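A quick note: this is a predicted structure, and the numbers were derived from the prediction, not measured. Proteins get letters first, then strands, A, B, ... in listed order; numbering begins at 1 in each.
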There are 2 protein chains.
Amino acid sequence: MTQMRPPTGSRAAAADRGIPEATVARLPVYLRALAALADAGMRTASSEQLAGAAGVNSAKLRKDLSHLGSYGTRGVGYDVEYLRYQIAREIGLTQDWPVVIVGIGNLGQALSSYGGFRSRGFSIVAIFDADPDRVGEEHGGLPISPMDQLEPVVAEHGISIAVIATPGPAAQEVADRLVAAGVSSILNFAPAVLSVPERVDVRKVDLSIELQILAYHEQRKALSGEEAVPGHDATDDVAAKVVGQL
Amino acid sequence: MTQMRPPTGSRAAAADRGIPEATVARLPVYLRALAALADAGMRTASSEQLAGAAGVNSAKLRKDLSHLGSYGTRGVGYDVEYLRYQIAREIGLTQDWPVVIVGIGNLGQALSSYGGFRSRGFSIVAIFDADPDRVGEEHGGLPISPMDQLEPVVAEHGISIAVIATPGPAAQEVADRLVAAGVSSILNFAPAVLSVPERVDVRKVDLSIELQILAYHEQRKALSGEEAVPGHDATDDVAAKVVGQL
DNA sequence: AAGAGTTTGTGAACGAGAGAACAAAATCGA
DNA sequence: TCGATTTTGTTCTCTCGTTCACAAACTCTT
Ligand SMILES: NC(=O)c1ccc[n+]([C@@H]2O[C@H](COP(=O)([O-])OP(=O)(O)OC[C@H]3O[C@@H](n4cnc5c(N)ncnc54)[C@H](O)[C@@H]3O)[C@@H](O)[C@H]2O)c1
Ligand SMILES: NC(=O)c1ccc[n+]([C@@H]2O[C@H](COP(=O)([O-])OP(=O)(O)OC[C@H]3O[C@@H](n4cnc5c(N)ncnc54)[C@H](O)[C@@H]3O)[C@@H](O)[C@H]2O)c1
């Protein structure tokens, strides 16, 4: 995703601040696991325990954490609260991130009403929809704002993270406006490939794709049961038209 | 994810039917790109065009497709409809998958009302919630069923794919019931690490984590601006308690 | 029929990530 | 103080995935 800017020359000691993408994606999981352990009253935890709670291999967890620095104690483990703070700081969760949501349909409403974001370092400061009839409707304590408020709100709050939950065809246009207004990270729920300048990060969440991946594995499981029949594939060349739409 | 069952001995020719996980995750994207091209009236497409529409590198696309077989024509490209059918068949989308959703809160309602699943090969056949007051409510044309209907419905329709959209603490229990009832693929929206038998596939969608990953990159961008100050980190050892809850 | 022009399919080089294994560093009990 | 025990941080190896680059295969024009 983000540009891996070439070796930053002037670096002296250990923590090179270049955490592997795969590790970054797991840090939030560790944070959640630590919260669970803290709630359970644990003040310290071994890599084995933490890994268990996070659902990963303990060697992987230790290597991940070693990228942040050396925050454990050999023979003891990790101080739960301290590690929690260090990870939060590394991810950038010691500050609160203001976020806007564009497209308040089924999904946008669910997101707007979701209370879990605030406690994880994000506050939704405005929600937008193009439908004039919906402007003013409240969701999660915020009124829907009209689209012409987008630029001023983004500027005023210094928004850098936005969520797109519009239909697919509208997504690119919305993304363009967001980027022009100053947003540099987008979470996209619309089934569309967004094209944005290099400095902008886009993450895509696509529920249909997730289901399709499950379907693939499901089909393989089913097939490996009846394995018997070796090499044919009857339906193979029959027709192309069958697929219907997408 | 799924067990990479050891080399299946009795395999003669080319297509070994062991598609890399990374490729599987991209096939649905290609499918969508192909649909877009077809709608635009294209009957044939080069790897370059397809890759453009799908937002990937063309070499990667060609290698991905080569795992399914040799469906292109050198000097020409790929027949849009034919490739579409082949990918759909490979993913298992020539059949329709019945799906159930458990936990009809904000998110579950959005999913239930979403029309996009049907056209992509999935039909929601039942939705469940533990709240007795909500049983009977309609969402997306389906009434909410009580939880005690879960096992009979899963059995009757031969459900193998389920979606969990309950709060985190309830997720494991729900997963256990689903698995016991015969489900072998789960799409989980709850912030919880599910433990399931090996034969069961779980995919997790976690919106907070997506935002946190964006926040990390956002922070790095901000930091690399003020790069000047080299090695310190004032707030480093100050306190641990600051983090609040998760 | 032959040559020019396209575009696929794949071999090979490279890079990133996962996991096993172990030395180094800490605690604890005697 | 010393040795036994625990557990981290890191090195090494292996696997998986990405990208480049090009020969092989096809079309089209003359
Ligand atoms: N609802 C789901 O469960 C679900 C599942 C998978 C994918 N998605 C995707 O998420 C997106 C949103 O889904 P949804 O069900 O909420 O759709 P929806 O149709 O209910 O809502 C879309 C909203 O976006 C608004 N909108 C349209 N054009 C806009 C524009 N140019 N600017 C601002 N707002 C605009 C519409 O007024 C509407 O309120 C879609 O792209 C959909 O494919 C949704
Ligand atoms: N809404 C969002 O935008 C959003 C965003 C990120 C994550 N999530 C996660 O998705 C999940 C659902 O979110 P939500 O906003 O819809 O929550 P919600 O509280 O609105 O809905 C949860 C639903 O699950 C039902 N439920 C509770 N226990 C159950 C059980 N044991 N069996 C069956 N049903 C049960 C409840 O009755 C309720 O209707 C949560 O885990 C949440 O953390 C939601």
Tell me which donor-acceptor pairs under 3.5 Å the side chains of residues 163-173 of chain A have, and how far apart each pair is, sequence neighbours excluded?
from, atom 1, to, atom 2, distance (Å)
A/Gln172, OE1, A/Ser195, N, 2.9
A/Gln172, NE2, A/Asp176, OD1, 2.9
A/Gln172, NE2, A/Ser195, O, 3.0

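The NZ-C1' distance, from A/Lys60 to D/dT11, rounds to 18 Å in whole Å. Remark: P of D/dT27 and CG of B/Asp79 are 13 Å apart, rounded to the nearest angstrom. For the pair A/Arg26 CZ and C/dA16 C1', the computed distance is 11 Å after rounding to whole Å. Between B/Glu21 atom CD and D/dG17 atom P the separation is 8 Å, expressed in whole Å. As a whole-Å value, the separation of A/Asp64 CG from D/dG9 C1' is 13 Å.
Sorted by first then second residue, the salt bridge (charged side-chain N to carboxylate O under 4.0 Å, His left out) pairs that include residues 44-63 of chain B, not counting sequence neighbours, number zero.
Under the side-chain hydrogen bond (donor to acceptor under 3.5 Å, both in side chains) criterion, A/Ser185 pairs with B/Glu218, sequence neighbours left out. Under the side chain to side chain contact (heavy atoms under 4.5 Å, CB included) criterion, B/Ala110 pairs with A/Asn106, A/Leu107, A/Ala110, sequence neighbours left out. Qualifying side-chain hydrogen bond (donor to acceptor under 3.5 Å, both in side chains) partners for A/Asp64, counting only residues two or more places apart in sequence or in other chains: A/Thr23, A/Arg26, A/Tyr30.
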Q. Which nucleotides of nucleotides 1-10 of chain C have their base under 4.0 Å from a protein heavy atom (B), which only their sugar-phosphate (S), and which neither (-), written as one string 5' to 3'?
A. -----BBBBB
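Classification of A/Asp206 and B/Arg32 as a salt-bridged pair holds, one side-chain N sitting under 4.0 Å from a carboxylate O.
For the OP1/OP2 pair of D/dG17 and a distance below 4.0 Å, the side-chain nitrogens and oxygens of B/Asn57 include no atom meeting the criterion.
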